[in-house]
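Remarks on the structure that follows.
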Amino acid sequence: MENINFDKIIERKNTNCIKWDNLEQIFGKENITPMWVADMDFKSSNDIIKALSKRTEHGIFGYTKTSDEYYDVFINWIYKKHKWKIDKNWISYVPGVVPGLKLAIYTYTKEKDNILIQTPVYYPFFNVIKNLNRNIVTNPLIYSDNIYSIDFKDLENKIKQYDVKMMILCNPHNPIGKVWSKDDLIKISNICIDNDVLLISDEIHSDLIYENNKHEPIANLNNNIKENSITFYSPSKTFNIAGLQASNAIIPNEYLKKQFDETIEKIGNSMINALSQEAFIAAYKHGELWLEHLIKYLQENIKITINFFNEEIPNSKIVTPEGTYLLWINLKNIASEEEIKDILINKANIGLEEGSIFGEDGKGFFRMNIATPKEILLKSLKKIKTSFKNGGLI
């Protein structure tokens, strides 16, 4: 059996990784412990590494077709984990979820069209909409008693008022870690269907679910929703292979699928990477045990971090995540976002992401990636406490 050890610290500097080798550009200094971008500091499973090694030993990396096994392992995984039976003909390869979102926006909307997102939300959503010269409409989530919920009245009003053409859903939601319920998803879908709004669902974190929560693929709720939605999946977050860039768009509607594939052909990025395919297959074929150990380890890190903030940082609040390995920390009652960011970077030497980049209603929150060995996590928490104390914040 594979020796799974998430406690092992692996040096990531000088590997051209954005998380550890881009600190000067992101935080203005090099001596930072990065707990920001959503990749993990854990080695991928041995099965993935062995599959990549076997492929590289062959030594020829020519143009690569998408194999039947690529489709089969993905279809089997989604059915086993989420009880959604996907047809192979619904699947389109994309080199990442964000590129997939760009393709969807380009395909199904035109310049100046309005696209709705629910803030605070993963900040590339803002960028892909603006960069394609579409307009952003926000449906701010309701934050009450340290819990988030959807303002359905505002959602429907905004869609009608701004003649919204597309909605991008994040489920599980990044950064708040919310796994939307079946009832919530049906309400969202019905509003979109009734108002002729195409629903795009980013479900990249769907395998990272905790305790009694359950991920519901939105397209699996009923036939009407299935025909009015496009869903994106990837093993990149689950198995820490984001740099290999392999994702799928699931498009059950035959006409929408045809349009999407035509866009891919025009742009010319339809061919899968030879190594990405090997990692993708190994992850979904052999990765279940590794993932079980990972989720247990992440839950322990979440518990450690929540207990720390509750006990050591008065007036802080962490939204308990139902999924993802990202913590959404409310520090509004301690100091301004700018002051806290300055202390974190220049006193604690810790790199978190300030909430305002996820939307104005995220201001005063910070996103923290806890997918790191416990030794790094504990040292970082201690430095946060010391710096806050010395800075007069606690």
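Just the heavy atoms: all of them, side chains too, but no hydrogens, waters or symmetry mates, feed the values below.
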Original post:
When you look at Asn46 and His286, which way does the side-chain hydrogen bond (donor to acceptor under 3.5 Å, both in side chains) test go after all the steps?
Top reply: CA-CA 10 Å; Asn46 285 340; His286 303 295; over 6 Å; no
**Item:** Trace of the side chain to side chain contact (heavy atoms under 4.5 Å, CB included) decision for Leu294 with Tyr325
**Value:** CA-CA 10 Å; Leu294 172 68; Tyr325 48 77; over 6 Å; no
- Message: Determine whether Asn157 and Tyr162 satisfy the following criterion, side-chain hydrogen bond (donor to acceptor under 3.5 Å, both in side chains), listing intermediate values before the conclusion.
- Response: CA-CA 8 Å; Asn157 288 342; Tyr162 294 99; over 6 Å; no
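The other residues sharing a hydrophobic cluster with Tyr63 are Met271, where clustering joins ILVMFWY side chains under 4.5 Å apart. As a member of the Ile/Leu/Val/Met/Phe/Trp/Tyr network built from side-chain separations under 4.5 Å, Ile209 groups with Val179. As a member of the Ile/Leu/Val/Met/Phe/Trp/Tyr network built from side-chain separations under 4.5 Å, Trp20 groups with nothing else and remains a singleton. Summarising the hydrophobic clusters (Ile, Leu, Val, Met, Phe, Trp, Tyr; side-chain heavy atoms under 4.5 Å, direct or chained), the residues clustered with Ile376 are Ile9.
By the ring pair (Phe, Tyr, Trp, His ring centres under 6.0 Å) test, Phe232 is found to be paired with no residue, residues two or more places apart in sequence or in another chain being considered. Asp68 is linked by a salt bridge (Lys or Arg N to Asp or Glu O under 4.0 Å) to Lys88, counting only residues two or more places apart in sequence or in another chain. In terms of the ring pair (Phe, Tyr, Trp, His ring centres under 6.0 Å) criterion, residue partners of Trp77 (sequence neighbours excluded) are, by chain and number, Phe239, Tyr284.
In the hydrophobic clustering of this structure, Met368 groups with Ile340; members are Ile, Leu, Val, Met, Phe, Trp, Tyr whose side-chain heavy atoms approach within less than 4.5 Å, directly or through other members. At a threshold of 4.5 Å between side-chain heavy atoms, the hydrophobic network of Ile, Leu, Val, Met, Phe, Trp and Tyr places Phe308 and Ile394 in one connected group. Residues Ile251 and Ile75 do not share a hydrophobic cluster, defined by chaining ILVMFWY side chains whose heavy atoms lie under 4.5 Å apart. By the criterion of side-chain heavy atoms lying less than 4.5 angstrom apart, applied directly or through intervening Ile, Leu, Val, Met, Phe, Trp or Tyr residues, Tyr93 is not grouped with Tyr106; the two fall into different hydrophobic clusters. Cluster membership for Trp84 and Val73, using ILVMFWY side-chain heavy atoms within less than 4.5 angstrom, is shared.
The shortest side-chain heavy-atom distance between Ile343 and Phe388 falls under the 4.5 Å cut-off.
Remark: the backbone N or O of Ile345 is paired with a side-chain donor or acceptor of Lys29 at under 3.5 angstrom. Side-chain atoms of Gln277 come within 3.5 Å of backbone N or O of Lys65 as a donor-acceptor pair. In terms of modelled atom types and a separation under 3.5 Å, the side chain of His173 and the main chain of Pro120 share a donor-acceptor contact. For Thr263 (side chain) and Leu103 (main-chain N/O), no donor-acceptor pair under 3.5 Å exists by modelled atom type. Between the side chain of Arg55 and the backbone N or O of Ser53, no donor-acceptor pair lies under 3.5 Å. Side chain of Tyr108 to main chain of Leu256: a donor-acceptor pair is present (N/O by atom type, distance under 3.5 Å, no hydrogens or angles). The closest donor-acceptor contact from the side chain of Glu337 to the backbone of Ser356 lies under 3.5 Å. Judged purely by atom type and a 3.5 angstrom limit, Gln118 has no side-chain atom pairing as donor or acceptor with the backbone of Ile150. Side-chain atoms of Asn301 come within 3.5 Å of backbone N or O of Thr372 as a donor-acceptor pair. The closest donor-acceptor contact from the side chain of Arg134 to the backbone of Thr109 lies under 3.5 Å.
Each side-chain hydrogen bond (donor to acceptor under 3.5 Å, both in side chains) pair with one or both residues in residues 217-226, not counting sequence neighbours, appears once here: Asn223-Lys226. Sorted by first and then second residue, the pairs that involve residues 340-379 and meet ring pair (Phe, Tyr, Trp, His ring centres under 6.0 Å), not counting sequence neighbours, are Tyr123-Phe358, Tyr143-Phe365, Trp328-Phe358, Trp328-Phe365. Applying the side-chain hydrogen bond (donor to acceptor under 3.5 Å, both in side chains) test to pairs two or more places apart or on separate chains, those with a residue in residues 382-394 are Glu312-Lys385. Listed by first then second residue, pairs satisfying salt bridge (Lys or Arg N to Asp or Glu O under 4.0 Å) with a partner in residues 318-331 read Lys178-Glu322, not counting sequence neighbours. Sequence neighbours left out, not one pair with a member in residues 114-126 passes salt bridge (Lys or Arg N to Asp or Glu O under 4.0 Å).
Atom NZ of Lys347 is surrounded by 12 or fewer heavy atoms from other residues, nucleotides or ligands within 6.0 Å. Within a 6.0 Å sphere centred on CG of Leu221, heavy atoms belonging to other residues, nucleotides or ligands number more than 12.
How far CG of Asn369 is from CE of Met35: 7.0 Å, rounded to the nearest 0.5 Å.
Nearest heavy atom pair, residue Ile105 against residue Met166, reads CG1-SD, 3.9 Å.
Note: Tyr297 and Phe42 have perpendicular aromatic rings, judged against thresholds of 30 and 60 degrees for the angle between ring planes.
Using modelled atom types, one finds a donor on one side chain and an acceptor on the other under 3.5 Å when comparing Asn248 with Tyr70. Side-chain atoms of Asn135 and Lys112 include no donor-acceptor pair closer than 3.5 Å. Using a 3.5 Å distance cut-off with no hydrogens or angles, the side chains of Ser92 and Asp261 do pair a donor with an acceptor.
Remark: aromatic rings of Phe6 and Trp290 are close, center separation under 6.0 Å.
For the side chain to side chain contact (heavy atoms under 4.5 Å, CB included) with Ile218, the qualifying choice from Asn228, Ile230, Asp184, Ile225 is Ile225, the only one to do so.
In this structure, Lys81 forms no cation-pi arrangement with Tyr79, as its terminal cationic atom is not both closer than 6.0 Å to the ring centre and no more than 45° off the ring axis.
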